[in-house]
Each structure stands twice: as C-alpha cells, then as structure tokens.
Amino acid sequence: MIPVNAHNLYESRRRFLGRGANVLGFAALASLLGRDPHALAVNGDQPLAPHFAPKAKRVIYMHMVGGPSQMDLFDPKPEMAKWYAKDFPDSVRKGQRLTTMTTNQARFPVAPSKYRFSEHGRCGMSLNAELLPNLSQCADDLCLIRSMNTESINHEPAITFMQTGNPVTGRPCLGAWASYGLGSLNQNLPTFVVLVAEPSFRDQFQAISAKLWSAGYLPGEHAGVAFRSKGDPILYINNPAGVPAEVRRQMIDGVNALNQLNYEAVGDPETHTRIAQYEMAYRMQASVPELTDLSSESAATLALYGNEVKKAGTFANSALLARRLVERGVRFVQIYHNNWDHHFNIAGRLPTQCQDIDRPCYGLIQDLKLRGLLDDTLIIWGGEFGRTVYSQGHLTSANYGRDHHPRCFSMWMAGGGTKGGTVYGETDDFSYNIARDPVSVHDLHATILQLLGFDHRRLTYRYQGLDGRLTGVEEANVVKGLLG
C-alpha cells in the first residue's frame with residue numbers, strides 16, 4: 001500500500017476533520033490516488049464485513065511438511081500390485097518434469113503400496129486403516145480430495161505456494177487473510193496462532209520459518225503468532241523477576257506514547273502494529289498460562305487425543321491446544337508437523353508419522369463435535385504435494401521410497417460447512433495424473449474463503465497500486481462439490 005494511504009487508514013474522523021486546513025488538499029490527493037476521499041476516515045484495524053453468511057467461523061489447518069504419500073494413505077491403487085518392479089510407462093509420464101533426486105535414475109520401477117486399504121463409514125470411503133485406524137472411523141466426517149495439484153516440485157516454493165497462493169515469498173498467508181477479513185473474537189489472544197509440533201521420527205526435516213505465517217503486505221498485526229513447543233509458549237511474555245505488573249503497565253504506556261508520537265509524525269503502519277503488539281503481549285500474560293494449563297480437561301477428553309497429549313510439543317498436545325484456542329475465539333490455528341518427506345524407508349518413517357497424527361486428528365474431530373463446534377470450525381489436513389508411484393532408490397516388496405510429485409495428491413477437510421463422507425476427484429491407475437475433477441491450490445483457497453464468507457475475488461488489499469488477493473490473478477473456482 002502507498003504509505004500515505006496506509007497512514008490515512010488509521011486516522012480517526014475527529015482528527016481528520018480537525019485538520020480542516022488540509023481537507024481540500026486531502027480530497028484532491030485522494031482523487032489523484034484513485035481513492036474515495038471518505039475512505040480516508042476508515043479505521044484500518046477493523047474486520048471486514050463478510051460478503052455472505054459464513055459456514056465456518058474459525059480454521060484449524062494441519063500442514064504435514066514434506067508431502068505425505070497419497071497412494072499409501074488415501075488413494076488406493078490395488079492394480080499396481082501387477083506392476084511391481086516393472087518400468088513406469090513413458091505413456092503415463094509423458095515427459096513430465098522430475099526432481100534432480102531421481103531424474104538420473106537408470107530406471108523407474110513401480111512401487112505398489114505395501115499397506116492395506118478398506119472401506120469405512122456409511123459412505124464406504126476407502127482409507128488405509130492399517131496406518132490410520134482412528135482417523136478411518138471419521139470417514140463420514142471427512143471431505144477427501146484426491147485430485148489436488150500444484151505448480152511447484154520442490155519443498156520451499158511448494159510450501160510457500162500452499163500457504164500464500166504464490167511460490168514467491170513475501171505474500172500474506174491464508175491465516176493472515178482470515179485474520180484481516182474476520183477480525184478477532186478474543187482481545188486477549190492473537191487472531192492467528194502457529195504451533196510447530198515435534199515429530200517422533202526425526203531423520204529428515206524441512207525448513208519451517210516465520211515467512212510461512214507472515215502478513216506480507218497486509219498490516220503486521222495479521223501475522224501469525226508462533227507459540228513455542230517447550231518452556232514458556234512465548235519468550236519474555238512474563239514480567240522479569242522483581243518487576244510488578246503495575247510497573248510493566250507504566251512502561252508499556254510510556255513506550256506506546258512514544259510510538260504514537262512517532263506514528264503521527266512519520267505515518268509508518270508498522271509503528272501502529274508495534275503499539276498493538278505491546279498491548280496484546282500485556283493481555284496475553286494472563287490468558288496464555290490459562291490456555292496452556294490442561295488441568296481443567298477431563299480424563300475422557302484427554303483420552304480422545306491419545307497418550308502423548310500431556311507432553312508439550314507433541315502433535316497430540318498441539319491438537320488439543322488448537323481446540324482450546326478456537327474455543328477461546330482464535331480465528332485461525334496453524335499446526336506444522338515435519339518429516340513427511342519419504343524419499344526412502346517408507347516402512348520405517350510412515351508408520352511413526354501416522355502414529356503421531358492418527359489419534360489426535362480423530363480426537364480433535366470428536367472433541368469439536370461433542371462441544372458443538374465442528375459445524376462452524378473448518379479442519380484442513382494435507383501437505384505441499386504428493387509422492388511418485390515409482391520408487392526412488394532401492395525397491396523391495398517390504399520397503400521403498402518415493403520422490404516429490406506435484407501433479408496429484410490428497411488432502412482432507414472436515415466440519416466448517418464441508419460435505420462429510422465425500423470423495424472428490426480421481427487419479428489415474430498410477431496416481432500420477434488427474435483423471436477427473438482437478439483441484440488447484442487456488443481453487444482450494446477460493447473454497448476456504450467461500451466457507452469463511454468471502455468471495456476470493458473481492459477480498460483484496462491495495463498495495464503498491466494493485467489490489468492484492470490470496471488467489472492472485474489466475475483463474476480460481478470455488479469447488480461446489482466440497483460444500484455441504
């Protein structure tokens with residue numbers, strides 16, 4: 001956004017009218033900048049009005065960093081057993097791009113999944129109950145997309161694309177857009193919270209950094225606030241030893257007064273963000289300890305999430321904290337779980353990864369349902385891309401690896417106005433190309449915004465003369481078949 005416009009967004013009506021000598025000048029400037037002069041009095045930190053009645057009021061988005069194998073978890077291909085160790089057909093690959101990790105392999109042997117699939121729920125959804133025995137019980141709540149596709153073949157641009165709608169860093173992420181559009185329901189907690197869960201299997205991590213939950217060109221207060229997995233959830237939130245609350249309050253008031261003087265003189269929107277952050281940190285001193293204290297949870301509730309729920313930093317603990325956060329009015333909770341990059345040793349890696357998330361995902365769905373929150377809480381689960389049907393490296397019937405595959409992969413959603421018990425889209429016999437109903441990342445984002453009450457084409461923010469939006473300028477469509 002042009003700095004003068006950003007400054008004006010935070011200007012009160014009284015202050016604007018009080019500067020009467022400049023009214024005509026500001027009106028002329030607004031006209032030159034293509035802005036409605038009346039818009040200068042709008043308070044920029046107020047939430048927008050939804051374009052239509054939202055079905056989801058809050059989101060819990062669980063991102064599996066690395067790219068889960070769709071044909072080992074959600075997209076059964078039993079016919080592949082006949083292709084074991086045979087060369088992957090060129091007629092299916094069609095010269096598509098490969099990563100540098102497999103492009104020089106002498107051959108591409110087909111690796112059928114070693115895991116069993118079975119049908120579940122009234123809907124008869126076929127899932128891998130061997131690795132996901134608990135989640136499979138939620139089949140009638142799941143809206144499973146088997147035809148996701150993306151543009152990026154490597155992790156960094158693919159994760160960035162999935163989170164922000166663009167493979168180039170610096171754009172606002174989905175959580176920031178939700179914060180910008182919906183605003184807060186609890187003034188004592190951030191609107192957007194990030195939890196980074198620690199996986200049990202730790203042999204190959206992908207980088208996770210704050211740029212994934214950045215506000216980009218949106219006002220800084222819409223960025224995600226990351227809670228630490230161990231120790232104090234937020235560093236330095238507690239008063240130093242010997243500093244009473246009233247002294248901390250006086251210090252914050254003094255710093256904010258100086259920031260306000262600087263803001264009025266310079267007009268930098270980041271100064272306004274800094275004032276809001278100081279105030280939020282002060283209020284969080286009381287709200288965060290209560291949030292992370294699980295002593296009020298019943299034994300039955302804790303049992304829903306599994307044995308690891310009381311261990312700080314686990315996925316189970318993060319899933320329960322996510323429920324406690326949305327229950328207290330947090331709009332968007334992002335959970336990252338690393339080590340889903342299955343280039344080798346799927347037999348060793350995948351069961352441990354699934355054990356981390358299976359019971360907690362089941363528990364989260366059941367817990368929200370029991371509390372009457374699932375209908376208006378949208379749960380999203382998935383990675384940045386899928387995996388290849390051919391093996392990377394050595395292949396045996398008991399173990400194999402899979403390379404990155406952006407052309408088709410699976411994600412699921414639950415609650416929040418989605419159509420439970422639905423399987424949307426279809427891949428070919430090799431889970432390599434989409435056979436029916438493709439869903440792009442932009443389509444997914446447009447659908448999520450639709451569930452939150454926003455037309456993705458109209459949820460915009462003016463920045464450097466352009467109306468930026470999550471779905472960009474390329475075509476994006478709401479996937480009606482996912483809506484309940």
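Since this is a predicted model, take the numbers as computed values, not measurements. Values below: every heavy atom of this structure, side chains too, minus hydrogens, waters and symmetry copies.
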For the atom pair [atom1] ([X]) and [atom2] ([Y]), what is the distance rounded to the nearest 0.5 Å?
X	Y	atom1	atom2	result
Thr314	Leu321	OG1	CG	9.0 Å
Glu156	Asn154	CD	CG	10.0 Å
Met413	Leu482	CE	CG	4.5 Å
Asn399	Phe344	CG	CZ	10.0 Å
Asn134	Cys361	CG	SG	10.0 Å
Arg407	Asn149	CZ	CG	8.0 Å

Answer yes or no: does atom [atom1] of [X] have more than 12 heavy-atom neighbours from other residues, nucleotides or ligands under 6.0 Å?
X	atom1	answer
Arg107	CZ	yes
Gln355	CD	no
Lys77	NZ	yes
Asn307	CG	no
Asp293	CG	yes

Backbone of [Y] reached by a side-chain donor or acceptor of [X] within 3.5 Å:
X	Y	answer
Ser179	Gly175	no
Asn338	Gln206	yes
Asn317	Val309	yes
Gln105	Gly393	yes
Lys55	Leu483	no
Asp75	Gln70	no
Lys114	Thr396	no
Arg402	Val389	yes
Arg324	Leu291	yes
Thr103	Thr99	no

> Asn166 and Thr164: side-chain donor and acceptor closer than 3.5 Å?
Replying inline: no
>> Testing the 3.5 Å rule here: is there a donor-acceptor pair between the side chains of Arg58 and Thr377?
In response: yes
Report yes if the side chains of [X] and [Y] come closer than 4.5 Å at any heavy-atom pair, otherwise no.
X	Y	answer
Leu73	Cys354	yes
Thr352	Asn339	no
Asn186	Val330	no
Leu452	Arg331	no
Leu127	Leu132	no
Lys310	Leu302	yes
Arg359	Glu308	no
Cys408	Met71	no

> Can you list the residues that meet the side chain to side chain donor-acceptor pair (under 3.5 Å) rule with Asn477, with sequence neighbours excluded?
Replying inline: Glu475
>> With side-chain contact (heavy atoms from CB on, under 4.5 Å) as the criterion, how do Phe332 and Leu174 come out once you've worked through the C-alpha distance, each side chain's angles and the decisive distance to 0.1 Å?
In response: CA-CA 9 Å; Phe332 199 101; Leu174 176 59; 3.9 Å; yes
> How far apart are the C-alpha atoms of Asp141 and Gln366, what are their side-chain angles, what is the distance that settles it, and do they pass the side-chain contact (heavy atoms from CB on, under 4.5 Å) test?
Replying inline: CA-CA 10 Å; Asp141 296 307; Gln366 299 306 318; 4.3 Å; yes
>> Between Lys311 and Glu198, does the salt bridge (Lys or Arg N to Asp or Glu O under 4.0 Å) criterion hold? Intermediate values first, please.
In response: CA-CA 10 Å; Lys311 186 177 178 182; Glu198 296 185 1; over 6 Å; no
> Considering residues at least two apart in sequence or located in another chain, which fulfil the ring pair (Phe, Tyr, Trp, His ring centres under 6.0 Å) criterion with Tyr61?
Replying inline: none
> Which residues pass the salt bridge (charged side-chain N to carboxylate O under 4.0 Å, His left out) test with Arg116, sequence neighbours left out?
Replying inline: Glu130
>> Angle between ring planes, Phe430 versus Phe88, binned at 30° and 60°: parallel, tilted or perpendicular?
In response: perpendicular
> Parallel, tilted or perpendicular: which fits the ring planes of His343 and His404, with parallel below 30° and perpendicular above 60°?
Replying inline: tilted
Between [X] and [Y], which heavy-atom pair has the shortest distance, and what is it?
X	Y	result
Thr102	Gln392	CG2-CG, 3.5 Å
Thr427	Ser431	OG1-CA, 3.6 Å
Tyr115	Ala347	OH-CA, 3.6 Å
Pro172	Leu470	O-CD1, 4.4 Å
Tyr305	Asp367	OH-OD2, 2.7 Å
Thr418	Gly415	OG1-O, 2.7 Å

> Got a salt bridge between Asp72 and Arg387, using NZ or NE/NH1/NH2 to carboxylate O under 4.0 Å?
Replying inline: no
> Can you check side-chain contact (heavy atoms from CB on, under 4.5 Å) on Tyr336 and Gln163, steps first, answer last?
Replying inline: CA-CA 11 Å; Tyr336 289 96; Gln163 300 300 313; 3.3 Å; yes
Would you please indicate if the ring centroids of [X] and [Y] are separated by under 6.0 Å?
X	Y	value
Tyr432	His405	yes
Phe385	Phe409	no
Trp177	Phe454	no
Phe161	His442	yes

> Should Asn345 and Phe201 be marked as a side-chain contact (heavy atoms from CB on, under 4.5 Å) after you check the CA-CA gap, both sets of side-chain angles, and the distance that decides it?
Replying inline: CA-CA 12 Å; Asn345 191 24; Phe201 207 81; 4.2 Å; yes
>> Applying side chain to side chain donor-acceptor pair (under 3.5 Å) to Asp356 and Ser200, what does each step give before you reach the verdict?
In response: CA-CA 7 Å; Asp356 277 356; Ser200 298; 2.7 Å; yes
